[in-house]
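Because the structure is a prediction, the values reported are computed rather than measured.
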2 protein chains.
Amino acid sequence: MKERNPPHIALAHAYWRAHLSAGDIAIDATCGNGYDTLALAKLLLNHPDSLILGFDIQSSALEKTDSLLKQALTEEHLERVLFHRRCHSEIDQIPLPLPPKLIVYNLGYLPGADKSITTMTPSTLSSLEKAITLLTPEQGALSITCYPGHPEGKKEEDAVLEWAEKLPSERWQVCHHRWLNRGASPSLLWIRSTA
Amino acid sequence: MKERNPPHIALAHAYWRAHLSAGDIAIDATCGNGYDTLALAKLLLNHPDSLILGFDIQSSALEKTDSLLKQALTEEHLERVLFHRRCHSEIDQIPLPLPPKLIVYNLGYLPGADKSITTMTPSTLSSLEKAITLLTPEQGALSITCYPGHPEGKKEEDAVLEWAEKLPSERWQVCHHRWLNRGASPSLLWIRSTA
């Protein structure tokens, strides 16, 4: 955990590293600027069975992500990143050879783009409801970064935490991480199967 | 993190493991039933320079801890666990060959003993203020388990979080972990030097 990333990113990456294995499938439900997709690609794509799905409702986000990945990945690896320009609430509409082991959400708006296009609480909750049923039984995880630093982000975080509080504890371990001395900095919700 | 301990204990142990190195000194500021002291002993005492200090204000806690350790440790290891029957707010009164790398707090009352003898918020805050100045510069950490499931514990947690929020972020990384779908279950505060 000595990465130079902000602590919520360093911790998320540590969880992903510990959780994922060769051959797994992961979904980046909110590609945004592509950094999460790239981090997942680096963890997984050395194995030929691994796949990454990337969702974003904005073309500009997928273009940024694609451009970032092209700088860092081989052609063969790029072929196993499948982009979908659709809302993450349609996450259950894509056929997959295996259930995903990890689904990653980075809520809020695309940095540097139109701030009026942000994840909206109802579609986020609808997406999370679907995502949790898609995961590999017994071994799946959700990683959700929330941005309580702006009013809409705070409302969305509250709604996501309220949803997560109700997940059955015999089935899901739900840990919310807040960095206390950094103002309303991003928080990380890590939900994994208890099995 | 596939331990069968409750999640706050499993995560605390994972942090300690990642943080401690051979030869380090650690302090268990609240020995209680001794489980934290034992976990620290197992991580550290194979190295002949490592020391563990254990504090508790209750003789019965130190007796329980000593008895637990005697079942699990060699004589040579036991010699490097030094008990102090005094309040953890006197944590700065003990001379040490080196600053401690980790100080562990498990707040609340001793399980199975007199529930009226609990850590008290003023002495906890006083102890934490001293503890953070004792730590190895650049590499120290505090691990604090809070028990918001009873009213005094909730007040103590609130006070500790308020204290932690004010730690300078250029010096300390402060992460509070709550397990959301387990009622008011114990929470873990992990504070480490940002260096």
Side-chain angles (χ1 to χ4, degrees), chain A residues 1-21 128 132 138-139 141-142 144-146 148 157-195, chain B residues 1-21 128 132 138-139 141-142 144-146 148 157-195:
Chain A
M1 298 196 204
K2 287 278 178 188
E3 292 182 44
R4 284 298 142 194
N5 278 318
H8 65 284
I9 298 179
L11 187 63
H13 288 185
Y15 273 121
W16 304 353
R17 251 194 315 274
H19 180 71
L20 291 170
S21 306
L128 291 172
I132 208 158
E138 315 301 324
Q139 291 183 57
L142 291 180
I144 306 163
T145 304
C146 302
E157 182 188 60
D158 288 346
V160 169
L161 298 185
E162 198 184 317
W163 168 78
E165 270 175 19
K166 293 180 194 139
L167 293 172
S169 60
E170 66 281 7
R171 178 77 184 85
W172 299 103
Q173 193 186 104
V174 177
C175 188
H176 185 228
H177 310 71
R178 285 195 308 135
W179 284 267
L180 296 187
N181 60 344
R182 299 167 62 93
S185 69
S187 73
L188 177 67
L189 186 61
W190 176 251
I191 299 174
R192 72 163 175 84
S193 165
T194 52
Chain B
M1 297 196 207
K2 288 279 177 186
E3 291 182 47
R4 285 296 143 196
N5 278 319
H8 65 284
I9 298 179
L11 186 63
H13 288 185
Y15 274 121
W16 304 353
R17 251 195 315 274
H19 180 71
L20 292 170
S21 306
L128 291 173
I132 208 159
E138 316 301 323
Q139 292 182 55
L142 291 179
I144 306 162
T145 304
C146 302
E157 182 188 62
D158 288 346
V160 169
L161 298 185
E162 197 183 319
W163 168 78
E165 270 174 19
K166 294 181 192 137
L167 292 172
S169 59
E170 65 281 8
R171 179 76 186 85
W172 299 103
Q173 192 185 106
V174 178
C175 188
H176 186 228
H177 311 70
R178 286 196 307 137
W179 285 267
L180 297 187
N181 60 345
R182 298 168 63 92
S185 69
S187 72
L188 176 67
L189 186 61
W190 175 251
I191 299 174
R192 72 164 174 86
S193 165
T194 52

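From I191(A), atom CD1 reaches atom CG of L167(A) across 5.5 Å, with rounding to the nearest 0.5 Å. Q139(A) contributes atom CD, which lies 7.0 Å from atom NE2 of H19(A) (distance to the nearest 0.5 angstrom).
No donor-acceptor contact under 3.5 angstrom links the side chains of T194(A) and R171(A), judged on distance only.
For a heavy-atom cut-off of 4.5 Å, chain B lies close to L161(A), A164(A), E165(A) in residues 157-166 of chain A. Residue-level contacts of residues 177-187 of chain A with chain B, in order of numbering, are H177(A), R178(A), W179(A), L180(A), N181(A), R182(A); threshold 4.5 Å between heavy atoms.
Using cut-offs of 30° and 60° for the angle between ring planes, the W190(B) and Y15(B) rings count as parallel.
Minimum heavy-atom separation, A141(A) to R192(A): CB-CB, 3.9 Å.
Judged as a side chain to side chain donor-acceptor pair (under 3.5 Å), and not counting sequence neighbours, the contacts of W16(B) are S143(B).
Both the backbone and the side chain of W172(A) come within contact range of chain B, with heavy atoms under 4.5 Å apart.
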